[in-house]
Participant: 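The structure that follows is given in the form of structure tokens.
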Amino acid sequence: MFTRKLTLRNLNSYALMMFGALLLSTSVAHAQDTQAKLPNVMILATGGTIAGTGADSTTTVGYTSATVGVEKLIAAVPELKKIANVKGEQVFQIASESMTNDHWLKLAKRVNTLLAQPDVDGIVITHGTDTIEETAYFLDLTVKSRKPVVIVGAMRPSTAISADGPINLYNAVLLAGSKDAIGKGVLVSLNDQINAAREVTKTNTSTTDTFKSTELGMLGYIQGNKAYFYRQSTRKNTVDTEFDISKLDVLPQVDIIYGYANMTRAALDAQVASGAKGIIQAGVGDGSIAAQMKTPLVEARKKGVIIVRASRVGQGIVARNGEANDDELDFVVSDTLNAQKARILLMLALTKTNNTKEIQRMFYTY
Ligand code: ASP
């Protein structure tokens, strides 16, 4: 009886042990499974205020951009582990006012290489806010993947009270790992809002709600750990563009002249003399050309320089053959693109053609 009892007891504790081991292995497997099911999001860091530091916690201006490395940015948001398998890479470390065409080519090539890997589901790029809209639009036209690419920044340095960087980074990773963000083009996400690269612009020098798509509207929100999309741009992007930067080391020189009362030809002449292949005129009103600017622009065009009429106003379509006879002058209009984005599209257009009709088509396509 005793022997029998003992055997049973042994049997029971053996069964218990086995059950425990099974539970443990199931929960380990479950944890591994959950981890494996999380999206793999690569964070490419480029600098900016999101990586900036100030003298103390109330310093929100006069701080130094681009001082904190990517590993520290990730470590500051341990919650990221719950929503994605993240890896960081420092691509460069600059304030975004110093962004150049070379930086863009390097970044776009790296993004394309990473997105071609099956183990990368999405990319987040941390970036200074001053030129975030330009980098976003450059990538929107040159990334060859439908996987999410989200560009994020912050208006307050990492050392500030209520720094917006950590929550913006968290939301950006969430968005980059979201299936809903696939095929939406390059996205800019700050302040719980999702904007399309083509339409977003910085509208305020210092407030955290600075990024707006003004009249055309943002794409959606991030709320309660979920991205909500409500609209999408009708303009082509990423895999649907005709631009290929994979073999390019340099982009054609395109410069911007700004319209104002009493405008002179000095800036235009200097830009043409320094080798500009294209000029964007951020004209007053509907891209109007001042009487004294017509001759210099026509002269530049005769030298082969492509002239694009944009507007300094910030909203609306620049009407072809409206304020100037573009057909006769052989000029191009920027449609709704602001001057800094028109510059990007013209640079890429010039890598394909010098034909103004073709370039105009591109301005109505992207
Ligand atoms: N000057 C900074 C930059 O663009 C501003 C910012 O990131 O908010 O790098």
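Every number for a ligand or one of its atoms is a count from 1 in the order of the listing. From a predicted model like this one, the values you see are computed outputs, not experimental measurements. We number each residue from 1, following the sequence as shown.
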Participant: Atom CG in Leu187, atom OG in Ser178: separation rounded to 0.5 Å?
Facilitator: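 Between atom CG of Leu187 and atom OG of Ser178 there are 9.5 Å.
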Participant: Using heavy atoms and a cut-off under 4.0 Å, could you grab the residues that are in contact with ligand 1, chain by chain, numbers ascending?
Facilitator: Gly48, Thr49, Ser65, Ala95, Ser96, Glu97, Gly128, Thr129, Asp130, Ala154
Participant: Quick one: salt bridge (charged side-chain N to carboxylate O under 4.0 Å, His left out) partners of Asp330, sequence neighbours excluded?
Facilitator: Arg301
Participant: Taking only residues two or more places apart in sequence or in another chain, which ones pass salt bridge (charged side-chain N to carboxylate O under 4.0 Å, His left out) with Lys72?
Facilitator: none
Participant: Can you find a pair of side-chain heavy atoms, one from Gln340 and one from Glu133, that are under 4.5 Å apart?
Facilitator: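 In short, these two side chains touch, coming nearer than 4.5 Å.
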Participant: Is the count of non-hydrogen atoms from other residues, nucleotides or ligands lying under 6.0 Å from Lys236 atom NZ greater than 12?
Facilitator: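 Counting neighbours around NZ of Lys236, 12 or fewer heavy atoms of other residues, nucleotides or ligands fall under 6.0 Å, so no.
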Participant: How is the hydrophobic cluster of Val318 composed, in terms of its other members, when Ile, Leu, Val, Met, Phe, Trp and Tyr link through side-chain heavy atoms under 4.5 Å apart, directly or indirectly?
Facilitator: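 Members alongside Val318: Val333, Tyr364.
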